[in-house]
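Chain identifiers are assigned alphabetically (A, B, ...) following the order of the sequence lines, protein sequences preceding nucleic acid strands; residue numbering begins at 1 within each chain.
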There are 2 protein chains.
Amino acid sequence: MPTVSSEELAAAAGVNSAKLRKDFSYLGSYGTRGVGYDVEYLVYQISRELGLTQDWPVVIVGIGNLGAALANYGGFASRGFRVAALIDADPAMAGKPVAGIPVQHTDELESIITDNGVSIGVIATPAGAAQQVCDRLVAAGVTSILNFAPTVLTVPDGVDVRKVDLSIELQILAFHEQRKAGEEAAADTAAAPAAARRRSAATDQGPDGDVPAVMPA
Amino acid sequence: MPTVSSEELAAAAGVNSAKLRKDFSYLGSYGTRGVGYDVEYLVYQISRELGLTQDWPVVIVGIGNLGAALANYGGFASRGFRVAALIDADPAMAGKPVAGIPVQHTDELESIITDNGVSIGVIATPAGAAQQVCDRLVAAGVTSILNFAPTVLTVPDGVDVRKVDLSIELQILAFHEQRKAGEEAAADTAAAPAAARRRSAATDQGPDGDVPAVMPA
DNA sequence: ATGTCTTTGTGAACGCGTGCACAAAGATTG
DNA sequence: CAATCTTTGTGCACGCGTTCACAAAGACAT
C-alpha cells in the first residue's frame, strides 16, 4: 500500500507539516501512526470533499477570445466540470461550434440553465453586458458566478460571485518589480513603505502573497 | 479641494476604517485631521506606490485563444502596462496582427526582450512549452512572469512567478456550491469539516476567501 | 510478547494582524 | 481667541491561525 507521510507532503507543498496534519484531521481523514496516509484513500477523500467527484455543469456566457479560451481549457474536465453550453448575444455566432460545442443564442439562456440543472455560470462578456447577464443567470437558478468582466456584480444573498481580474496579477508583479528596482538605487521615495517590506521571501506561485487591502477597481 | 474621509472609503471598500488609516500611514500618506484625505494627492500617491505611473512593457508568449484575449484586454493600458510584443512558435502566425500588434516568431524572443527592456513576461502557451519559454525569458532578462499554463515553473532566485489557474476559481465556487446543497439534505458525509464551517459570510468578490492550504495542482 | 521506532493527532503557546478607543491636530464657529 | 467639532494617527488588547512539542498509537524487529 503506497503511503505518504505528512512530512513529505508538507515539504512538497512548502507548508508546515503540523498544519497539514491538522487540516487533514478536519476532513476526518485518518492516517496510520508510524506509517502515514494511504495515498489512494487520501486522494479520494480530498477529491470528494472538494467536490471533484461530482459532475458540475457550467455555462459560459460571452464567447469572445476569453470565452473561447475557457471553452478550450483542458483543466476543467479533469476537475469535474462539464461545459454544458456556450452562450453569446451575437446571432452570427449561433450554431458555430467552439471547442466542439455549438454556440447558442442568449435567448436560450433560461431554458439551458433549467434543462441542464446548471448552478455555476461563467461570465466572459464585455463589462457593459455583465450585470444584465448576471441577473438573468441568477433569475434562472444559477447560484455561483465566476466573473471575468471588469465590473463588480450585484447579486442577491445566497449567490456567490468570484471576480477574476487578469490585470491584478500583472499589477502585483509590477509592484514587486518596482521594489526590486528601487532597492538598487533607492533615492526615489522618501522611505519605502513598511507594508512592502513585510513581504515574505517564500517562492509561492499562488494568488496569496501580501497585497495591500485596498486597490483601485 | 475634494477630500474623502477614511470612514467613507472604508464603507465603499467594505473594510474597517482603522485598518485603512493604518495602511495609509504605512505609505506615509498624511491626511488632514478633521478633514480627511486630499483625493487627488491620495490617488497620485497610491498610484505611484503601486507602480501605476510607470510604463511597464510586457510580452505575451503563446497567442492562442487566451493569448489573444489577453492582448485584447483593455484593462492593461490603464494600469500602466504596454504590450510590447506578441510571440508565438507557429510560423503561420508570424506577421498576422492580433489586437493591432503583429505576432512575432519565437526566434525573435531574446532580441525583443533586450530591445524593449522588458522585465515582465506573460506565458499563455500549452503546458508542454511553458518551462522552456520561461527559461528563455529569464535568460533574456525577464524577472517577473505571469504563468497561465497549467504547470509549476522552476525559476532561479530573484525571479517572481505568479500562476493563474483558471479552473481553481471554479473549483472554489463548486466547493461552496457543494456546501450549499449539503446543508439542505445533510445526510451525505458523516460530518461536515470544521474548516468548511469557518467560512465568513462576507460578500467578497476577491481571490482571498478561505481556501484549503493544500490543493492538487 | 516485549521493546523500539516512526508518525499521527492535538493541546497549548506563540505571533501577527485586526479592531477598538482615544489623544493629538487642525478646521470651524461664535 | 477660545471653544467645539471632526477626523486622523496609533498604542493596546483581543482573537485567530500557525507552529511547537509531546503523548498516543500502531508497525516492525527481536
Side-chain angles (χ1 to χ4, degrees), chain A residues 1-43 45-46 49 190-191 193-202 204 206-215, chain B residues 1-46 49 190-191 193-204 206-215:
Chain A
M1 181 180 84
T3 60
V4 270
S5 69
S6 62
E7 200 64 54
E8 290 173 284
L9 279 174
V15 298
N16 183 285
S17 67
K19 174 167 162 47
L20 195 140
R21 284 199 299 278
K22 194 161 280 186
D23 280 4
F24 281 3
S25 78
Y26 287 135
L27 299 174
S29 123
Y30 294 138
T32 310
R33 301 184 184 209
V35 176
Y37 297 88
D38 173 23
V39 173
E40 194 184 348
Y41 182 55
L42 187 62
V43 167
Q45 206 163 213
I46 293 178
E49 192 61 42
R197 294 206 183 282
R198 230 183 294 145
R199 167 162 187 271
S200 84
D204 70 307
D208 46 36
D210 72 322
V211 180
V214 183
M215 269 203 181
Chain B
M1 180 179 84
T3 59
V4 269
S5 69
S6 62
E7 201 63 55
E8 290 173 283
L9 280 174
V15 297
N16 182 285
S17 66
K19 174 167 163 47
L20 195 140
R21 285 199 298 279
K22 197 163 279 186
D23 280 3
F24 281 3
S25 78
Y26 287 135
L27 299 174
S29 120
Y30 293 139
T32 309
R33 299 181 185 214
V35 176
Y37 297 88
D38 174 23
V39 172
E40 196 183 348
Y41 182 55
L42 187 62
V43 167
Y44 162 73
Q45 206 164 211
I46 293 179
E49 192 62 42
R197 293 206 183 282
R198 230 182 291 145
R199 168 159 186 272
S200 87
T203 312
D204 68 308
D208 47 36
D210 72 321
V211 180
V214 182
M215 269 203 181

(request) Look at the side chain of B:Lys22 against the base of D:dG9 and say whether a donor-acceptor pair falls under 3.5 Å; ignore hydrogens and angles. (result) no
(request) Answer yes or no: side-chain N or O of A:Arg33 and base N or O of C:dT7 forming a donor-acceptor pair under 3.5 Å. (result) no
Could you check how far [atom1] of [X] sits from [atom2] of [N], rounded to whole Å?
{"X": "B:Glu8", "N": "D:dT7", "atom1": "CD", "atom2": "P", "answer": "8 Å"}
{"X": "B:Asp38", "N": "C:dG26", "atom1": "CG", "atom2": "P", "answer": "16 Å"}
{"X": "A:Leu20", "N": "C:dT10", "atom1": "CG", "atom2": "C1'", "answer": "15 Å"}
{"X": "A:Leu9", "N": "C:dT7", "atom1": "CG", "atom2": "P", "answer": "12 Å"}
{"X": "B:Phe24", "N": "D:dT10", "atom1": "CZ", "atom2": "P", "answer": "14 Å"}
{"X": "A:Arg21", "N": "D:dA25", "atom1": "CZ", "atom2": "C1'", "answer": "14 Å"}
{"X": "B:Tyr41", "N": "D:dT8", "atom1": "OH", "atom2": "P", "answer": "16 Å"}
{"X": "B:Tyr30", "N": "C:dA27", "atom1": "OH", "atom2": "C1'", "answer": "20 Å"}

Determine: side-chain N/O of [X] to OP1/OP2 of [N], distance under 4.0 Å, yes or no.
{"X": "B:Thr32", "N": "C:dG26", "answer": "no"}
{"X": "B:Tyr37", "N": "D:dG9", "answer": "yes"}
{"X": "A:Lys19", "N": "D:dT19", "answer": "no"}

(request) For the residue pair A:Gln45 and A:Tyr30, establish whether any side-chain heavy-atom pair is separated by less than 4.5 Å. (result) no
(request) State, yes or no, whether a side-chain contact exists between B:Leu42 and B:Leu9 at a heavy-atom distance under 4.5 Å. (result) yes
(request) For A:Gly34 and for A:Asn16, find the nucleotide of DNA chain D with the closest heavy atom, then tell me which residue's nucleotide is more 5'. (result) A:Asn16
(message) If I compare all heavy atoms of A:Asp38 with all of A:Met1, which pair ends up nearest, and what's the gap?
(response) OD1-CG, 3.4 Å
(message) With rounding to the nearest 0.5 angstrom, report the OG1 to OH distance, B:Thr32 to B:Tyr41.
(response) 10.5 Å
(message) Would you compute the distance between atom NZ of A:Lys19 and atom CZ of A:Phe24 and round it to the nearest 0.5 angstrom?
(response) 11.0 Å
(message) Within the 4.0 Å heavy-atom criterion, would you say B:Ser6 contacts the bases, only the backbone, or no part of the nucleic acid?
(response) sugar-phosphate
